[in-house]
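Only one structure is covered here, and it is reproduced in the block below.
Chain letters run A, B, ... following the sequence lines, proteins first, then strands; residues in each count from 1.
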Protein chains: 2
Amino acid sequence: MATLGEFIRRRREKLRESDRQYSLRQVSERVGIEPSYLSKVERDIGSPPSEETLIRIAQDLELDVDVVLALAGKVSSDLQEVIRRRPELFGQFLRDLKDLPDHAVLRLVREVRDGDW
Amino acid sequence: MATLGEFIRRRREKLRESDRQYSLRQVSERVGIEPSYLSKVERDIGSPPSEETLIRIAQDLELDVDVVLALAGKVSSDLQEVIRRRPELFGQFLRDLKDLPDHAVLRLVREVRDGDW
DNA sequence: TGTACTGTGTACTACACAATACACATCCTC
DNA sequence: GAGGATGTGTATTGTGTAGTACACAGTACA
């Protein structure tokens with residue numbers, strides 16, 4: 001798995017092949033941070049940006065927010081909120097799901113979506 | 001719902017009715033923090049303790065760790081880890097479950113526990 | 001060939017977090 | 001009524017977070 005910095009840099013350079021708007025400076029300007037800071041982020045120097053900044057970066061580069069946050073060692077605050085509202089329920093549930101293979105979890109996902117809840 | 005401080009204080013005073021070992025000072029000593037700090041925590045003054053400290057408090061008072069962390073606005077780092085390992089999968093899943101009533105989630109919990117996974 | 005843009009290095013900073021240290025007044029209880 | 005235990009007020013602190021500011025060297029291109 002890539003680091004946060006590698007992941008962002010690769011994506012930005014990919015987008016830049018077909019669109020000059022994706023230089024480090026232009027992205028940093030749209031996102032609202034200093035170019036030197038984005039440069040550091042892309043080289044994994046220092047602590048990763050805040051959740052808000054990571055979300056803006058992910059959006060500008062059309063990346064999955066949860067994946068970007070995960071690479072930064074974070075969990076989106078709205079997901080945390082889901083757990084905090086019912087800590088016993090979701091705490092236990094997640095620990096039960098922890099080691100289930102993807103396909104088993106996906107089966108549950110489909111069940112919830114199709115079911116008559 | 002009670003605040004973190006109220007919740008801890010009530011529990012400690014309850015335990016203390018039948019066991020003098022649960023004075024603020026004695027709990028703080030077992031937990032490894034200053035009495036004045038625990039006093040502030042119980043009165044919701046300042047920012048809540050770190051995850052590690054909250055876990056030790058919860059264990060000393062025999063409280064559910066996830067509930068105590070939730071009252072402090074936190075989510076246990078091992079639960080966060082579960083999400084960070086598979087952010088797309090669990091991100092979507094949790095958002096799907098967000099508004100499901102308890103009984104429906106419990107049905108899923110039982111399914112996972114009893115099922116042939 | 002200069003000017004405009006590229007990414008990067010160094011120094012600095014404001015703020016929040018997670019506490020400690022210690023004195024103080026009050027209360028049991030023997 | 002003396003000594004220890006109880007909870008609390010005030011001041012202070014070290015560490016990490018999340019950046020900014022700005023100068024600098026290399027590259028592109030017109």
Check this for me: A:E6, atom CD, are more than 12 non-hydrogen atoms of other residues, nucleotides or ligands nearer than 6.0 Å?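 More than 12 heavy atoms, drawn from other residues, nucleotides or ligands, come within 6.0 Å of this atom.
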Looking at [N], I'd like to know if its phosphate oxygens (OP1 or OP2) sit under 4.0 Å from a side-chain N or O belonging to [X].
X	N	result
A:S23	C:dT6	yes
B:S39	D:dG9	no
A:K74	D:dT17	no
A:R12	C:dT6	no

Closer than 3.5 angstrom, by distance alone: can the side chain of B:R56 be matched with the main-chain N or O of B:R30 as a donor-acceptor pair?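 Looks like no, no N/O pair under 3.5 Å.
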Quick check: does any side chain N or O of B:R84 sit under 3.5 Å from a backbone N or O of A:L71, one acting as donor and the other as acceptor?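 Checked: no pair found.
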Do A:S36 side-chain and D:dA21 base share a donor-acceptor contact under 3.5 Å?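 Flag set: donor-acceptor pair detected.
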Is there a donor and acceptor pair, one atom on the side chain of A:K40 and one on the base of D:dT17, closer than 3.5 Å?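 Not at all, since no donor on one side and acceptor on the other fall under 3.5 Å apart.
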Interatomic distance, [X] [atom1] vs [N] [atom2] [rounded to whole Å]:
X	N	atom1	atom2	answer
B:R16	D:dA5	CZ	P	13 Å
B:R56	C:dA18	CZ	P	13 Å
A:Y22	C:dG7	OH	P	14 Å
B:Y37	C:dC22	OH	P	19 Å
B:L38	C:dA19	CG	P	12 Å
A:E51	C:dA16	CD	P	18 Å
A:I33	C:dG7	CD1	P	13 Å
B:E29	D:dA5	CD	P	11 Å

Mind running a 4.0 Å heavy-atom check of residues 1-10 of chain B against DNA chain D and sending the residues that fall below it, in number order?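 Those residues are B:R9.
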Which pair of heavy atoms, one from B:V68 and one from B:A58, lies closest together, and at what distance?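 Nearest pair, atom of B:V68 first, then B:A58: CG2-CB, 3.9 Å.
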What's the shortest heavy-atom distance between B:L24 and B:P35, and which atoms?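 Shortest heavy-atom separation between B:L24 and B:P35 comes out as CD2-O, 3.3 Å.
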Strictly by modelled atom types, are A:S77 and A:E51 linked by a side-chain donor-acceptor pair under 3.5 Å?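 A pair is found: one side chain offers a donor N or O, the other an acceptor, under 3.5 Å apart.
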B:S36 and B:S39: side-chain donor and acceptor closer than 3.5 Å?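 Not at all, the side chains of B:S36 and B:S39 share no donor-acceptor pair under 3.5 Å.
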Answer yes when B:D78 and A:K98 have at least one side-chain N-carboxylate O distance shorter than 4.0 Å, and no when they do not.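 Salt bridge flag = no for A:K98 with B:D78.
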Could you check whether A:P35 gets within reach of a base, just the sugar-phosphate, or nothing at all, counting any heavy atom under 4.0 Å?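 Base contact.
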Under 4.0 Å, heavy atoms only, any strand: does A:R20 hit a base, just the sugar-phosphate, or nothing?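 The residue A:R20 makes no contact with any strand.
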B:E34 vs B:R25, nearer the 5' end of DNA chain C by closest nucleotide: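 Going by which nucleotide is closer to the 5' end, it is B:E34.
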Pairwise 5' ranking along DNA chain D for B:R43 and B:Q26, keeping only the more 5' one: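 Nearer the 5' end of the strand: B:Q26.
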